[in-house]
Each structure stands twice: as C-alpha cells, then as structure tokens.
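Note that these values count all heavy atoms, side chains included, but never hydrogens, waters or copies made by symmetry. So that the names make sense, note that chain A is the first sequence line, chain B the second, and so on, each numbered from 1.
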2 protein chains.
Amino acid sequence: MPPLVPRPPKYYAVKEDLRLLAAEAGPGAVLPTERALAVTFGTSRTTVRQAIAELVAEGVLTRRQGKGTFVSAPRPTYLRQLTSFSEDARAQNLASASFTLGVERVVADAHLAEQLRVPVESDLTRVARVRLIDGEPLAHEAAYIPGLFPDLPGQLEDNPSLYAVLSTCYGIEIVEAEDTVGTMVGGPDDARLLGIEMGAPLLLIFRRGLDADGVPVEWTRSVFRGDRFQFFARTRR
Amino acid sequence: MPPLVPRPPKYYAVKEDLRLLAAEAGPGAVLPTERALAVTFGTSRTTVRQAIAELVAEGVLTRRQGKGTFVSAPRPTYLRQLTSFSEDARAQNLASASFTLGVERVVADAHLAEQLRVPVESDLTRVARVRLIDGEPLAHEAAYIPGLFPDLPGQLEDNPSLYAVLSTCYGIEIVEAEDTVGTMVGGPDDARLLGIEMGAPLLLIFRRGLDADGVPVEWTRSVFRGDRFQFFARTRR
DNA sequence: TAGTGGTCTAGACCACCAA
DNA sequence: TGGTGGTCTAGACCACTAG
C-alpha cells in the first residue's frame, strides 16, 4: 500500500524527526529549546510547537514551563483487569494511592437514577478521588452509591479500596462490572488534576457495579490519562 | 472545591462559546467563517482555529476545506459488545460494511509469534480492512491468522465477517477474546483511511481471539475513531 | 474568480524557573 | 536577571470548492 497522502505538512516531518531524536536521547534527556529547534529545522517556532504538542499528547515528550522539553519516561502502563482500582494495581505490583477530593451527599438526577435504578431525587453519596500510580496521577473519578454513608471518609482513610470498604463495613458486594470506554480531550480541570496538558487524549470510562442479584450498587465516571493507561477485557461468547 | 486554574486561556473561552453556539445551531448547521469569528471574539484567527481544533477532536464540529465549518451530526456511537465487528453492528441495527485493503502472506515477527504462540518466521495471513458503519469509516484494522488461506479474499466478499468465514470454511471457532484498549493520536494514514484530522484522538485496540482450547487463533490491531466509538465490557469476579 | 479552511511565518508579551 | 515554555497577534500563501 503506497503512501497516498499528497503532501505531509511540514510540522509532521518535524514531529517524526523529533520522535527519532527523542528515541536516541533516551528518557529524561532534555531537548533543544523550541527557538533552537525552529532554527535547526528552518521553520518557525509555531510549527515546532505543533509538532511537540502531538508528541506530548502521545506521551513521548513532556514540557515544563520555565525548564524545557524532556523525553518522557517509558510509560508504566496500568492494565485494568479486575474490578477495582486498588486490586488491579496490587495484581501488577504497582504502588497505588488515592487522594480524596470530597465525599458528599447528592440527589439522583435522571441519568443517575436510571443507571442505579433508584427514584429521581433519591439520596446518593458521591466520592470524588484522584488515583495515583507510583506517585503520579493516573485518573480522577467520581463514584455514586445509593444511600448515605456518613462514616465513609474515615473508613476510606484506613482502606483506600472503596469496594473493600463497601463490603466490610456495609455488606455491599460488587461481583460484576459493566465498563463503557471512550475517548475525550482534557479540559482545564483534567489538566490540573492529572498534571497533563489541555487537549491531551484521555480515556473516559463509565462503570456500573452490580451485586450478586444483578442490582446496581455503584456508578462511576473515571477519567484516565491516555498516555499511560490501557484497559483490558476478556469476553467469552 | 474552588476553581484553582489561574487563568483559562482565551482560546478555551472561545471554545466553550463555540460549543454553545453549535448546540443552538443544531446538526448540519454551518458556522461563521474563521475570519468572521476572529472579529466577533476580538481575537486572531489562530486562536479561533485552536478552539475549533479541539471541538473537532471531540466530534462536535467538522471542517471541510473550501466549504466551511459545520456542526457534526449526533454520533451514532457504536458499542462493542460481542466478539466480532459484524455481529456487534447487527445487534445494534447498524448497517456495517467493510472495504478490504489487502490479504497477504506475512511471516511472524517476535511480537506476533508470542501473541499467537507460533514460531518466529512462521507463515501468517494478514487481512487489512476498513470498517464502515452507516457508510462512514469507523475503524481500520489488520488481522493476523496463523497459516495460509489462499481463498480468503473471495470468501470475505460473500461474507464480511472474518469470524464467520473462519468458522464455516476452516472450522476455526473463536469463543473467547482478549481486548486491550488504549489511546493514540491520528497520523496521516489514519486521517486518510478514516476521514478524520491528523491529531484526532483514536482508540487503539489489540484483540486476541482464542478457540475452545484456549489456543490463540487470531490477533488484530484495530484503530477506531474516538469520536464515534465506545467499547463495552462486562467483567465477573 | 472569490471565498473557505490548511499551513506557516516573525514577532510580541506573559508566567515560571534557576542561577 | 535571563532563559524557558505558554499564549496570542497580524498577515502571508496554498489547496480546495463553488458559482
């Protein structure tokens, strides 16, 4: 199959050159400045920045304001395999941690009511957290659980696994999960929480947890960094 | 939680304004020209283009050179649920079609050999196709199958489901699939095959098909449009 | 031919960081 | 203070589409 693209734009040539340059330099290496690269490639700084922007989105490069542009460390790709974040991390010998943004009472809107099969306006508990792997933010998520759990904040401090706390303290057992995986691009909030750039590709995952009777007991919206996360699923016919 | 972002850049304000404008205008509507928008927002055309670029990546807008910028039609999100593309589409009452790019003999490199559990350099058949839903390209993929299947091209013309052909003609039954889902950004080839813009977020899916004995019989690399695809998985503990 | 989006330029000012 | 990346500008030329 011949390369049928009429004329690849100049920034794409720069991008692929930079990709090679990064590979040779190795992780952690610092690249020449954008202004220097513009001179080297005989182009403008804007064009160089467009090339760098895509490599950043791919996780190849990292930019730090005031410091420079660096070759990213190899991705410690996190594979989702079981039901819960904490369990997945442990299964892969990765150090996981959580930062709780807030635990609050909310009422079900139409969408949450449908997903959790509860009446609109019923009480829900919302748990918002940032998930870390090896000290780096990997995802932020908000879990919604029917009912009120005033002691949850303290219990999550002792055990970061929401699923474990629900099981141990409240007898809620999640045995089945339905995941819907799509893409989105990062906005300012995502950029701040995950330490990424705006516009970076992200994985948006909606998960519904069901108990042994098939009753929905949890619904979560998760936003994962696209550059260091993979989702794994096994399906039997 | 207060909004901690110091100062959202101007292009982000433009982006959100355009998002509202697009919602009001409705699918298919044409937006003012980039030059006109620059005047309206009191900004430069570059800034307007940066805002539009992200909305295009999100699937909200569509640009057509020489014509204009349009509000995208609502996404016919394709959900992956079963094992094969054709089956999934049928289950959702979506018209699926395939365009075969090529069927060729290749030899296994180290990676394919490991995934398919065959010796390095063994014969494989590579089937490269573009997948369409409702006439629009949704994905391109390359499937690798151990062995040689000289009649495959003709058989795929009669039945676009590779899984069905393998079953009917060769007695190969795929009963289990392992999917690994991640993100990538589109390059020139992806842009050409899928009719998207370079830099658009894509879902990269590696799938391994196993037969009843757990023997790998197929390995596929698929690239799906991120703006109109969702992956669905159900996991039991 | 006129108008659209696609690419690229040269340069400005800002926010951040290290010496 | 000087250098880095982050943002934005005004304008140029090209490729494509339509009348």
Which of these nucleotides, [options], is closest to any side-chain atom of [X]?
X	options	answer
A/Q65	C/dC16, C/dT9, D/dA12	C/dC16
A/K10	D/dT4, C/dT9, C/dG5	C/dT9
B/R63	C/dC8, D/dC8, C/dG5	C/dG5
B/R49	D/dC8, C/dT7, D/dT17	C/dT7
A/Y11	D/dA12, D/dT17, C/dC8	C/dC8
A/T33	D/dG5, C/dT4, C/dC17	D/dG5
A/R35	D/dC8, C/dG5, D/dG6	D/dG6
A/E34	D/dT9, D/dG5, C/dC8	D/dG5

Starting from [atom2] on [N], measure out to [atom1] on [X] and report it in whole angstrom.
X	N	atom1	atom2	answer
A/R45	C/dG11	CZ	P	13 Å
B/Y12	D/dC8	OH	C1'	19 Å
A/R192	D/dG6	CZ	C1'	19 Å
B/L61	C/dG6	CG	P	12 Å
B/I196	C/dG6	CD1	P	14 Å
B/I52	C/dT7	CD1	P	13 Å
B/F41	D/dC8	CZ	C1'	16 Å
A/Q50	C/dT7	CD	P	7 Å

Side-chain N or O of [X] closer than 4.0 Å to phosphate OP1/OP2 of [N]:
X	N	value
B/T43	D/dC8	no
A/T69	D/dG5	yes
B/T47	D/dT9	yes

- Closest-nucleotide ordering on DNA chain C, the 5'-leading residue of B/L31 and A/K67: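 Per heavy-atom nearest nucleotide, the more 5' residue is B/L31.
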
Could you check whether any side-chain heavy atom of [X] comes within less than 4.5 Å of a side-chain heavy atom of [Y], counting everything from C-beta outward?
X	Y	result
A/T183	B/L202	no
A/F232	B/T235	no
B/K15	B/Q50	no

- Task: Before accepting this row, confirm whether a basic side-chain N of the pair B/R19/B/E16 lies closer than 4.0 Å to the acidic partner's carboxylate O.
- Result: yes

- Task: Look at the rings of A/F224 and A/F229 and say which category their plane angle falls in: under 30° parallel, 30 to 60° tilted, over 60° perpendicular.
- Result: parallel

- Expected output: side-chain B/D109 to main-chain B/H111 donor-acceptor under 3.5 Å: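 Yes, the answer is positive, given that a donor and an acceptor are paired below the 3.5 Å cut-off.
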
- Across every strand shown, the nucleotide meeting Watson-Crick or G-U wobble geometry with D/dG19 (both distances under 3.5 Å) is none

